[in-house]
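Only one structure is covered here, and it is reproduced in the block below.
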Protein chains: 2
Amino acid sequence: MAIVDEMVCFALYSASRATTRAYTELLAPWKLTYTQYLVLVILWTEGEKPVREIGEVLQLDSGTLSPLLRRLEDKEFIVRQRDVQDSRVVNVSLTSSGHALQNDLAHIPAQIACGTGLPDLKAAQALIKSLHRVTESMQEISSPDK
Amino acid sequence: MAIVDEMVCFALYSASRATTRAYTELLAPWKLTYTQYLVLVILWTEGEKPVREIGEVLQLDSGTLSPLLRRLEDKEFIVRQRDVQDSRVVNVSLTSSGHALQNDLAHIPAQIACGTGLPDLKAAQALIKSLHRVTESMQEISSPDK
DNA sequence: CCAATTTAAGTTGTGCACAATTGAATTGTG
DNA sequence: CACAATTCAATTGTGCACAACTTAAATTGG
């Protein structure tokens with residue numbers, strides 16, 4: 001069983017990189033990365049959010065997010081503002097071009113849907129469930145809480 | 001279906017990062033990364049190999065492998081030697097400490113097996129199959145051949 | 001035979017992931 | 001109130017992933 005599990009990990013690693021490459025290609029005209037796209041998806045669906053909450057959703061820390069958000073700000077898709085109530089907090093919100101991207105990139109989910117090669121909704125849901133189990137379980141053997 | 005497929009991608013991304021973190025923790029005493037470990041696994045099972053073949057197995061180019069192999073060489077787990085027949089080729093082989101690591105790290109597969117949280121062999125094989133399908137399919141929508 | 005092409009590895013540069021640290025602001029507690 | 005502990009974001013540093021390019025060697029095709 002042990003060797004098979006290392007195969008699971010490698011298969012995961014390969015599949016993840018393949019999907020990231022697919023996104024990279026689809027996003028190339030806008031020079032956006034997959035992680036930058038994920039941040040935009042959050043902002044499109046949930047509106048203004050502090051850096052910390054974005055980090056909770058994506059499980060990324062400020063070491064990753066700070067420079068990434070700076071790049072999104074340089075591209076003028078988002079703005080960052082210190083919170084008035086609590087000035088430790090930085091709120092991230094979309095600019096008008098950031099909002100406009102939602103339509104420009106509306107074709108991507110369907111392209112990705114095709115790219116997964118999964119036969120039907122059922123297969124996709126089964127895979128998601130299986131992946132969630134692996135994620136949770138791996139987090140447990142990793143460092144205390146988090 | 002489209003949104004579910006983006007969920008598949010995010011689940012993949014999360015699971016992959018969670019497993020990499022788990023490996024990182026297990027490998028910490030030797031200051032090895034997951035990718036370095038993968039290279040060692042290849043060398044343990046297949047012996048001396050040129051850089052190009054390692055790259056084919058892991059789907060990594062020399063831009064990733066060259067510095068990674070240099071670090072493994074700095075740690076004296078491997079040596080690199082120009083091929084006598086074809087001096088474009090660099091052959092990678094294990095040193096004695098590199099060989100010795102195979103025993104030192106023999107506990108890792110079992111720890112990872114536990115970490116996947118998968119109920120049985122059948123579930124693991126189903127997941128691998130599903131991930132292979134996604135990888136292949138994603139590679140198809142990505143840049144021509146490769 | 002030799003010029004053009006191809007192949008292998010390395011280098012450079014960008015961005016993400018993550019650990020560790022810093023600094024500023026807030027909160028909790030005596 | 002005072003001050004210790006906590007929280008949040010940013011910074012620094014390491015290593016991987018990958019694109020683009022370089023260099024050197026081998027192959028090929030005329």
### Message
Over 60° means perpendicular and under 30° means parallel, so tell me whether A:Trp30 and A:His107 are parallel, tilted or perpendicular.
### Response
tilted
### Message
Angle between ring planes, A:Trp44 versus A:Tyr37, binned at 30° and 60°: parallel, tilted or perpendicular?
### Response
perpendicular
Could you state the [atom1]-[atom2] distance from [X] to [N], rounded to the nearest angstrom?
X: A:Lys31; N: C:dG15; atom1: NZ; atom2: C1'; answer: 13 Å
X: A:Gln81; N: D:dA10; atom1: CD; atom2: P; answer: 13 Å
X: A:Glu25; N: C:dG15; atom1: CD; atom2: C1'; answer: 18 Å
X: B:Leu38; N: D:dC16; atom1: CG; atom2: P; answer: 11 Å
X: A:Tyr34; N: D:dC16; atom1: OH; atom2: C1'; answer: 18 Å
X: A:Ile78; N: D:dA9; atom1: CD1; atom2: C1'; answer: 13 Å
X: A:Ile54; N: D:dA10; atom1: CD1; atom2: P; answer: 10 Å
X: A:Leu60; N: C:dA17; atom1: CG; atom2: P; answer: 5 Å

Distance test, side-chain N/O of [X] to OP1/OP2 of [N], below 4.0 Å:
X: A:Tyr13; N: D:dA17; value: yes
X: A:Arg21; N: D:dC18; value: yes
X: A:Gln59; N: C:dC18; value: no
X: B:Ser62; N: C:dA9; value: no

#### Entry: Short N-O contact, A:Arg70 and A:Glu73, less than 4.0 angstrom
no
Answer whether the closest heavy-atom distance between the side chains of [X] and [Y] falls below 4.5 Å.
X: A:Lys75; Y: A:Ser97; value: no
X: B:Gln36; Y: B:Leu68; value: yes
X: B:Val89; Y: B:Asn91; value: yes
X: A:Leu94; Y: A:Phe77; value: no

### Query
Between B:Thr24 and A:Leu68, which has a closest nucleotide on DNA chain C that is more 5'?
A:Leu68
### Task
Find which nucleotide of DNA chain C each of B:Gly63 and A:Ser87 is nearest to by heavy atoms, and output the residue with the more 5' nucleotide.
B:Gly63
### Query
With both distances under 3.5 Å as the test, what is the Watson-Crick or G-U wobble partner of C:dC16?
D:dG15
### Summary
Judged by nearest nucleotide, the residue sitting upstream toward the 5' end of DNA chain D, B:Thr35 or A:Thr64, is A:Thr64
### Query
5'-most contact on DNA chain D: A:Ala18 or A:Pro67, nearest heavy atom basis?
A:Pro67
### Message
Would B:Arg21 and B:Glu25 count as a salt bridge (Lys or Arg N to Asp or Glu O under 4.0 Å) here? Give the steps.
### Response
CA-CA 6 Å; B:Arg21 277 194 295 267; B:Glu25 194 149 325; over 6 Å; no
Sugar-phosphate only, base, or nothing, as touched by [X] at under 4.0 Å among non-hydrogen atoms:
X: B:Ser66; answer: base
X: B:Gln85; answer: sugar-phosphate
X: A:Arg70; answer: nothing
X: B:Leu65; answer: nothing
X: A:Arg80; answer: sugar-phosphate

### Nucleotide nearest B:Arg82 when distance is taken to its side chain, options C:dC16, D:dC18, C:dA9
C:dA9
### Query
Does the base of D:dG15 carry an N or O that pairs as donor and acceptor with the side chain of B:Thr33 under 3.5 Å?
no
Shorter than 3.5 Å, N or O on both sides, protein versus nucleotides 5-8 of chain C: list them out with atom names.
residue : atom : partner : partner atom : Å
C:dT7   : O2   : B:Arg88 : NH1          : 3.3
C:dA8   : OP1  : B:Arg52 : NE           : 2.8

### Query
Are the side chain of A:Ser16 and the backbone N or O of B:Ser16 linked by a donor-acceptor pair below 3.5 Å?
no
